[in-house]
Amino acid sequence: MNSSSRRLTAPFFLRPDVVGISRELLGKCLFTRINHCAVTGGIIVETEAYAGPQDRASHAYNNRFSKRTEVMYRRGPVAYVYLCYGLHWLFNIITNVEGVPHAVLIRAIQPVKGTKLMLERRGKSRLDCRLTSGPALLSQALGICGRHSGTSLLGHEIWLEEGINVPPGMICSSPRIGVSYAGQDARLPWRFYVRGNSWVSRAALKK
DNA sequence: CAGCAGATTGACT
DNA sequence: GTCAATCTGCTGC
């Protein structure tokens with residue numbers, strides 16, 4: 001099977017069930033090819049769903065709209081990349097049709113391709129779980145930053161492919177990380193990860 | 001090992 | 001002014 005036939009296409013992302021999409025993204029591959037450099041990427045092992053205007057943890061809660069969140073209202077799949085705590089870029093996949101601001105935060109990947117370039121971008125010499133185990137870490141490793149917010153995920157810079165099958169019994173869920181401000185919604189079990197996978201993020205392991 | 005301060009920008013939850 | 005979908009490096013046990 002060649003690369004193009006393994007790519008995830010629009011129908012996967014246009015469905016209304018963002019929590020289901022978030023779960024199904026486990027085992028898929030996320031790749032980037034930034035500035036015509038080598039392809040980098042790996043298998044998604046941890047995600048979180050953000051379910052639009054009704055979700056207090058979402059940047060689009062109550063249809064909040066700003067220069068930053070404008071991208072969330074676009075037709076999927078596009079990247080929503082924003083700066084957290086003033087220095088970390090976090091990468092999300094925007095799903096659903098235009099006007100519905102659903103998002104999946106990619107929290108951790110298991111490196112598969114372009115490890116050398118990812119180590120360079122992270123300023124590391126040794127391969128360990130700190131390369132891509134965390135939303136800010138994987139963005140840095142993949143070369144994703146603010147300028148990619150709004151980039152289509154059907155193009156040649158950032159895209160997704162079929163990966164490995166993760167059996168339902170290997171999928172765990174838990175509350176989302178770092179959303180304590182979200183009231184009752186902070187308790188929703190909308191974080192998904194692969195059981196026992198050593199590339200799941202550090203913050204998440206404490207839970 | 002745990003705990004915590006610091007980094008630093010955009011939105012106001 | 002305050003806090004945020006985070007991570008690092010330092011302190012002290």
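Numbered from 1 within each chain, the chains take letters A, B, ... in sequence-line order. All heavy atoms count here, side chains included; hydrogens, waters and symmetry mates do not.
- C/dT6 atom P lies 12 Å from atom CG of A/L138, rounded to whole Å.
- When rounded to the nearest whole Å, the span between CG of A/N92 and P of C/dT6 equals 11 Å.
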Stepwise, does the side chain to side chain contact (heavy atoms under 4.5 Å, CB included) test hold for A/Y50 with A/M72? CA-CA 11 Å; A/Y50 288 84; A/M72 299 183 78; 5.5 Å; no
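- The pairing partner recorded for B/dT8 is none, the criterion being a Watson-Crick or G-U wobble arrangement whose two distances lie under 3.5 angstrom.
- Residue A/R191 contributes atom CZ, which lies 14 Å from atom C1' of C/dT6 at whole-angstrom precision.
- B/dA5 and C/dC13 have their P atoms separated by 15 Å, given to the nearest Å.
- For the OP1/OP2 pair of C/dT8 and a distance below 4.0 Å, the side-chain nitrogens and oxygens of A/R130 include at least one atom meeting the criterion.
- Base contact: A/A57 has a heavy atom under 4.0 Å from a base atom.
- Counting only distance, with no hydrogens or angles, the side chain of A/S201 and the backbone of A/R107 share no donor-acceptor pair below 3.5 Å.
- A cation-pi contact links A/R191 to A/Y193, judged by a cut-off of 6.0 Å to the six-membered ring centre and 45° from its axis.
- For C/dC13, there is no paired nucleotide, since no Watson-Crick or G-U wobble pair has both relevant distances below 3.5 Å.
- Per the geometry, CD1 belonging to A/I144 stands 16 Å off P belonging to C/dT6, to the nearest Å.
- Taking atom P in both B/dT8 and C/dC10, the straight-line distance is 16 Å, to the nearest Å.
- Sorted by residue number, the members of residues 58-69 of chain A with any non-hydrogen atom under 4.0 Å from DNA chain C read A/H59.
- Classified by interplanar angle (parallel below 30°, tilted 30° to 60°, perpendicular above 60°), the ring pair A/Y73/A/F65 is tilted.
- Counting only distance, with no hydrogens or angles, the side chain of A/R6 and the backbone of A/E162 share a donor-acceptor pair below 3.5 Å.
- Taking the charged nitrogens against the carboxylate oxygens, A/R15 and A/E24 do have a contact shorter than 4.0 Å, which makes a salt bridge.
- The residue among A/R122 and A/L105 whose nearest nucleotide of DNA chain C lies closer to the 5′ end is A/L105.
- The interatomic distance linking A/Y85 (OH) with B/dA7 (C1') rounds to 12 Å, in whole Å.
- A/V112 and A/I106 end up in the same hydrophobic cluster when Ile, Leu, Val, Met, Phe, Trp and Tyr side chains are linked at under 4.5 Å.
- One interatomic measurement links the two molecules: CG of A/L87 to P of C/dA4, which rounds to 15 Å at whole-angstrom precision.
- Regarding A/W89, its CH2 atom lies at a distance of 7 Å from the P atom of B/dG10, rounded to whole Å.
- Spacing between atom CD of A/E70 and atom P of B/dG10 amounts to 16 Å, rounded to whole angstrom units.
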